[in-house]
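First up is the structure itself, then whatever we jot down about it.
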Amino acid sequence: PNREYYQEMLRILISKKLIEKEIQNSNFIYKINPIGIDLVKGIDNKYSHTLINTALLIKKNVSKMFVFSFNNFILEAYY
(Lines give C-alpha, C1' and ligand atoms only; values in the text may rest on other atoms or scores of the structure.)
Protein backbone atom coordinates (compact mmCIF):
# COMPACT_ATOMS: atom_id res chain seq x y z
CA PRO A 1 0.00 0.00 0.00
CA ASN A 2 1.07 3.54 -0.74
CA ARG A 3 0.84 5.10 2.73
CA GLU A 4 1.70 8.60 1.51
CA TYR A 5 -1.16 8.49 -0.99
CA TYR A 6 -3.61 7.23 1.65
CA GLN A 7 -2.55 9.94 4.09
CA GLU A 8 -2.96 12.60 1.41
CA MET A 9 -6.46 11.36 0.56
CA LEU A 10 -7.45 11.26 4.24
CA ARG A 11 -6.20 14.85 4.71
CA ILE A 12 -8.25 15.97 1.70
CA LEU A 13 -11.39 14.22 2.98
CA ILE A 14 -10.91 15.80 6.41
CA SER A 15 -10.34 19.26 4.89
CA LYS A 16 -13.56 18.89 2.87
CA LYS A 17 -15.32 17.89 6.10
CA LEU A 18 -16.43 14.53 4.64
CA ILE A 19 -14.77 12.44 7.35
CA GLU A 20 -13.57 13.02 10.91
CA LYS A 21 -10.46 11.81 12.69
CA GLU A 22 -10.84 10.58 16.26
CA ILE A 23 -8.70 8.89 18.85
CA GLN A 24 -10.05 5.69 20.42
CA ASN A 25 -7.98 3.40 22.62
CA SER A 26 -4.80 5.31 21.67
CA ASN A 27 -5.48 4.73 17.94
CA PHE A 28 -6.57 7.11 15.22
CA ILE A 29 -9.80 6.17 13.49
CA TYR A 30 -11.56 7.86 10.61
CA LYS A 31 -15.35 8.09 10.48
CA ILE A 32 -17.59 9.28 7.72
CA ASN A 33 -19.82 12.11 8.92
CA PRO A 34 -23.32 13.16 7.80
CA ILE A 35 -21.94 15.38 5.00
CA GLY A 36 -19.87 12.46 3.69
CA ILE A 37 -22.87 10.14 3.91
CA ASP A 38 -24.98 12.60 1.89
CA LEU A 39 -22.24 12.81 -0.75
CA VAL A 40 -22.04 9.02 -1.06
CA LYS A 41 -25.83 8.76 -1.34
CA GLY A 42 -25.73 11.36 -4.11
CA ILE A 43 -23.36 9.16 -6.11
CA ASP A 44 -25.93 6.37 -6.23
CA ASN A 45 -27.30 6.88 -9.75
CA LYS A 46 -27.34 5.15 -13.13
CA TYR A 47 -24.25 7.00 -14.39
CA SER A 48 -22.16 6.06 -11.35
CA HIS A 49 -23.21 2.42 -11.60
CA THR A 50 -22.22 2.36 -15.28
CA LEU A 51 -18.91 4.03 -14.47
CA ILE A 52 -18.16 1.58 -11.65
CA ASN A 53 -19.06 -1.45 -13.81
CA THR A 54 -16.87 -0.15 -16.63
CA ALA A 55 -13.94 0.41 -14.24
CA LEU A 56 -14.31 -3.10 -12.83
CA LEU A 57 -14.39 -4.59 -16.34
CA ILE A 58 -11.26 -2.69 -17.33
CA LYS A 59 -9.52 -3.73 -14.10
CA LYS A 60 -10.39 -7.38 -14.73
CA ASN A 61 -9.14 -7.29 -18.33
CA VAL A 62 -5.95 -5.38 -17.50
CA SER A 63 -5.23 -7.91 -14.75
CA LYS A 64 -5.70 -10.78 -17.23
CA MET A 65 -3.41 -9.01 -19.72
CA PHE A 66 -0.74 -8.61 -17.05
CA VAL A 67 -0.90 -12.29 -16.07
CA PHE A 68 -0.76 -13.34 -19.73
CA SER A 69 2.19 -11.01 -20.45
CA PHE A 70 4.00 -12.09 -17.31
CA ASN A 71 3.55 -15.77 -18.18
CA ASN A 72 4.87 -15.14 -21.68
CA PHE A 73 7.85 -13.27 -20.26
CA ILE A 74 8.69 -16.23 -18.02
CA LEU A 75 8.29 -18.70 -20.86
CA GLU A 76 10.50 -16.66 -23.18
CA ALA A 77 13.14 -16.13 -20.51
CA TYR A 78 13.51 -19.79 -19.59
CA TYR A 79 12.85 -21.64 -22.86
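Every value quoted in this text rests on a predicted model; they were computed, and no experiment measured them.
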Lys16/Leu39 under side-chain contact (heavy atoms from CB on, under 4.5 Å): CA gap, chis, key distance, verdict = CA-CA 11 Å; Lys16 301 294 181 186; Leu39 176 70; over 6 Å; no

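- Rounding to the nearest 0.5 angstrom, the gap separating the NE2 atom in His49 from the OG1 atom in Thr54 is 12.5 Å.
- Heavy atoms only, all atoms of each residue included: Ile32 and Leu18 are closest at CG1-O, 3.6 Å.
- Taking hydrophobic clusters as Ile, Leu, Val, Met, Phe, Trp and Tyr residues chained together by side-chain heavy-atom distances below 4.5 Å, Tyr5 shares a cluster with Ile12.
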ask   = Does the side-chain contact (heavy atoms from CB on, under 4.5 Å) test come out yes or no for Met9 and Gln7, once each step is laid out?
value = CA-CA 5 Å; Met9 291 301 108; Gln7 291 298 320; over 6 Å; no

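- To the nearest 0.5 Å, atom CD1 of residue Ile19 and atom NZ of residue Lys31 are 12.5 Å apart.
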inquiry  = For Arg3 and Glu8: C-alpha separation, side-chain torsions, deciding distance, then whether side-chain contact (heavy atoms from CB on, under 4.5 Å) applies.
reply    = CA-CA 9 Å; Arg3 287 183 166 273; Glu8 181 182 351; over 6 Å; no

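- In terms of modelled atom types and a separation under 3.5 Å, the side chain of Asn33 and the main chain of Ile35 share a donor-acceptor contact.
- In this structure, Lys21 is positioned above the aromatic face of Phe28, its NZ or CZ under 6.0 Å from the six-membered ring centre and within 45° of the axis.
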request  = Verify side-chain contact (heavy atoms from CB on, under 4.5 Å) between Tyr30 and Leu13, making sure each step is shown before the conclusion.
outcome  = CA-CA 10 Å; Tyr30 298 88; Leu13 292 170; over 6 Å; no

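- Taken from CG in Leu51 to NZ in Lys46, the straight-line distance is 14.0 Å, to the nearest 0.5 Å.
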